[in-house]
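Structure record follows, encoded as structure tokens.
Please read these numbers as outputs of a predicted model, since none were measured by experiment. Numbers here simply count residues along the sequence, with the first being 1.
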Amino acid sequence: MNLLTSLLAGLLFGMGLAISGMVDPARVTGFLDLAGNWDPSLGFVMGGALLVFTPGYLLLVKPRRLSLLGNPIAVVPKPVLDRRLIGGSALFGIGWGLVGICPGPALSLISSGQPMILLFIAAMVAGILLVDKVWVRASQPRIA
């Protein structure tokens with residue numbers, strides 16, 4: 001049941017991204033280009049999503065201790081603003097601004113078969129593996 005729920009939620013999310021145009025790199029870069037030919041349409045998409053999400057979250061999700069499937073809802077600790085968080089956020093934003101593709105829409109666009117999308121996803125996976133295998137392991141203390 002958990003897998004089916006996750007699949008349906010992912011499909012709904014992907015369809016929402018596609019229908020709203022958030023998977024179109026030209027539209028995304030137009031939204032991020034504040035100094036040029038700015039396209040505010042994605043701001044309306046995000047605002048509309050918040051209008052739908054916020055009441056549902058406050059009324060249905062936040063007061064719950066268990067998910068709809070009976071699993072405990074984990075309490076997420078407040079993030080620590082350190083160099084890793086700020087640096088990672090900056091890299092994410094720079095990459096998003098350069099190509100206009102965010103990981104969620106990129107995964108939604110896999111079926112398009114566009115070489116640019118496949119290259120983006122390969123680079124994203126390589127970056128994740130590089131950080132996991134090199135950066136994180138190098139920064140962990142070694143037991144002698």
Side-chain angles (χ1 to χ4, degrees), residues 1-58 60-62 64 66-143:
M1 190 63 167
N2 285 340
L3 289 176
L4 181 61
T5 303
S6 297
L7 175 67
L8 291 175
L11 287 172
L12 182 63
F13 178 71
M15 287 176 20
L17 289 174
I19 291 169
S20 69
M22 290 189 82
V23 295
D24 180 6
R27 183 171 287 192
V28 173
T29 51
F31 176 70
L32 296 172
D33 185 10
L34 299 176
N37 190 16
W38 184 57
D39 178 5
S41 61
L42 291 185
F44 293 114
V45 170
M46 288 185 251
L50 283 172
L51 285 174
V52 172
F53 169 78
T54 302
Y57 174 76
L58 293 174
L60 302 173
V61 177
K62 191 172 181 180
R64 297 182 71 89
L66 297 176
S67 72
L68 294 176
L69 297 175
N71 299 323
I73 297 176
V75 176
V76 180
K78 290 187 178 184
V80 176
L81 290 177
D82 59 3
R83 288 183 296 169
R84 289 186 63 205
L85 178 65
I86 293 170
S89 300
L91 283 174
F92 179 88
I94 290 167
W96 189 25
L98 285 174
V99 296
I101 305 171
C102 183
L107 294 175
S108 297
L109 286 171
I110 285 177
S111 63
S112 72
Q114 295 177 13
M116 181 178 82
I117 300 301
L118 300 175
L119 179 62
F120 176 86
I121 291 172
M124 182 177 70
V125 169
I128 290 169
L129 292 174
L130 179 68
V131 167
D132 183 51
K133 301 295 182 199
V134 177
W135 183 288
V136 172
R137 292 193 181 172
S139 65
Q140 290 177 345
R142 296 194 177 162
I143 300 172

[X], [atom1] atom: more than 12 neighbouring heavy atoms under 6.0 Å:
{"X": "Arg83", "atom1": "CZ", "value": "no"}
{"X": "Ile86", "atom1": "CD1", "value": "yes"}
{"X": "Asp82", "atom1": "CG", "value": "yes"}

For the atom pair [atom1] ([X]) and [atom2] ([Y]), what is the distance rounded to the nearest 0.5 Å?
{"X": "Met116", "Y": "Ile121", "atom1": "CE", "atom2": "CD1", "answer": "10.5 Å"}
{"X": "Ile117", "Y": "Met124", "atom1": "CD1", "atom2": "CE", "answer": "10.0 Å"}
{"X": "Leu66", "Y": "Asn71", "atom1": "CG", "atom2": "CG", "answer": "8.0 Å"}
{"X": "Asp132", "Y": "Leu130", "atom1": "CG", "atom2": "CG", "answer": "9.5 Å"}
{"X": "Asp39", "Y": "Leu34", "atom1": "CG", "atom2": "CG", "answer": "11.5 Å"}
{"X": "Gln114", "Y": "Ile101", "atom1": "CD", "atom2": "CD1", "answer": "8.0 Å"}

- Which heavy atom of Ser20 sits nearest a heavy atom of Arg27, and at what distance?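 The pair with the smallest heavy-atom distance is O-NH1, 3.5 Å.
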
Q. Looking only at heavy atoms, what is the nearest atom pair of Phe31 and Trp38, with distance?
A.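 It is O-NE1, 2.7 Å.
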
Check your understanding: Looking at Val99, Ile110, Val125, which one forms a side chain to side chain contact (heavy atoms under 4.5 Å, CB included) with Phe120?
Key ->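 Running side chain to side chain contact (heavy atoms under 4.5 Å, CB included) over Val99, Ile110, Val125 with Phe120 returns exactly one hit, Val99.
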
message = Over 60° means perpendicular and under 30° means parallel, so tell me whether Phe92 and Trp96 are parallel, tilted or perpendicular.
response =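 Taking Trp96 first and then Phe92, their aromatic rings sit tilted (interplane angle of 30° to 60°).
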
Sub-4.5 Å side-chain heavy-atom contact between [X] and [Y]:
{"X": "Leu3", "Y": "Leu7", "value": "no"}
{"X": "Asp33", "Y": "Thr29", "value": "no"}
{"X": "Leu42", "Y": "Val28", "value": "yes"}

